[in-house]
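Below: the structure, in structure tokens.
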Amino acid sequence: MNMPDRLTRTFAALADPTRRAILARLAMGETTVNDLARPFAMSGPAVSKHLRVLENAGLITRGRAAQWRPCRIEPQALKGIDDWLDRYRQFWEERLDRLEDFLTGIQTSTTGKRARKPSAKERPHGRKK
């Protein structure tokens, strides 16, 4: 069986709403497994299984402090997703810029006035041209 790559493991881990809720809680700070399990109507082993998936994806780490196993989010694992999405973000921003240029050209040809181009701050996607 092929081992899935890191990005595949990350997306698979994030596909579950319980795991996303666990990450949202951990984004507020390190906490114990018991505190993480409290809002969910599921058994401790079920929560532990979710934590194992998140840990295998590199999204969290579990430490040991006496009898406690504090969990913390590993934000660097989310960077891989951001890098992957950035390629598509650039693609769509370029498409939006081309659409904006096309619409400006139509407006200019019908009114005879050159439309004022919005500043980067005014653009909905915020990209500078």
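We find the CH2-CG distance between Trp92 and Asp97 to be 13.0 Å, quoted to the nearest 0.5 Å. Taking CD1 of Ile60 as the start and NE2 of His50 as the end, the distance is 11.5 Å to the nearest 0.5 Å. Atom CG in Leu103 sits 4.5 Å away from atom CG in Leu99 (nearest 0.5 Å).
Side-chain heavy atoms closer than 4.5 Å link hydrophobic residues (I, L, V, M, F, W, Y) into clusters, and following such links, possibly through other members, connects Leu23 to Leu85. Val47 and Val53 fall into different hydrophobic clusters, defined by Ile, Leu, Val, Met, Phe, Trp and Tyr side-chain heavy atoms under 4.5 Å apart, directly or through other members.
Looking at residues two or more places apart in sequence or on another chain, you find a side chain to side chain contact (heavy atoms under 4.5 Å, CB included) between Asp86 and Arg89, Gln90. Under the side chain to side chain contact (heavy atoms under 4.5 Å, CB included) criterion, Asn56 pairs with no residue at all, not counting sequence neighbours. Taking Arg72 as the reference, Glu30 meet the side-chain hydrogen bond (donor to acceptor under 3.5 Å, both in side chains) condition, with sequence neighbours excluded. Take Phe11 and apply the ring-ring contact (aromatic ring centres under 6.0 Å, His included) test, not counting sequence neighbours, and it matches Trp84. Every residue two or more places apart in sequence or in another chain that forms a side-chain hydrogen bond (donor to acceptor under 3.5 Å, both in side chains) with Arg62 is listed here: Glu55.
Residue Phe102 places its CZ atom among 12 or fewer non-hydrogen atoms of other residues, nucleotides or ligands, all under 6.0 Å distant.
Smallest separation of non-hydrogen atoms from Ala13 and Ala57: CB-CB, 3.8 Å.
Checking each of Leu26, Leu78, Ile73 against Leu59 for a side-chain contact (heavy atoms from CB on, under 4.5 Å) leaves exactly one that passes, namely Leu78. Just one of Leu54, Ile81, Asp5 meets the side-chain contact (heavy atoms from CB on, under 4.5 Å) condition when paired with Thr10; it is Ile81.
A donor-acceptor pair under 3.5 Å links the side-chain atoms of Arg20 to the main chain of Leu14, judged by distance alone. Side-chain N or O atoms of Arg69 include one that pairs as donor or acceptor with a backbone N or O of Gly63 at under 3.5 Å.
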Just list the side-chain donor-acceptor pairs under 3.5 Å for residues 32-46, sequence neighbours left out, or say none.
{"unit_1": "Thr32", "atom_1": "OG1", "unit_2": "Asp35", "atom_2": "N", "d": "3.2"}
{"unit_1": "Thr32", "atom_1": "OG1", "unit_2": "Asp35", "atom_2": "OD2", "d": "3.4"}
{"unit_1": "Asp35", "atom_1": "OD1", "unit_2": "Arg38", "atom_2": "NH1", "d": "2.7"}
{"unit_1": "Asp35", "atom_1": "OD1", "unit_2": "Arg38", "atom_2": "NH2", "d": "3.2"}
{"unit_1": "Asp35", "atom_1": "OD2", "unit_2": "Thr31", "atom_2": "OG1", "d": "3.2"}
{"unit_1": "Ser43", "atom_1": "OG", "unit_2": "Ala46", "atom_2": "N", "d": "3.2"}

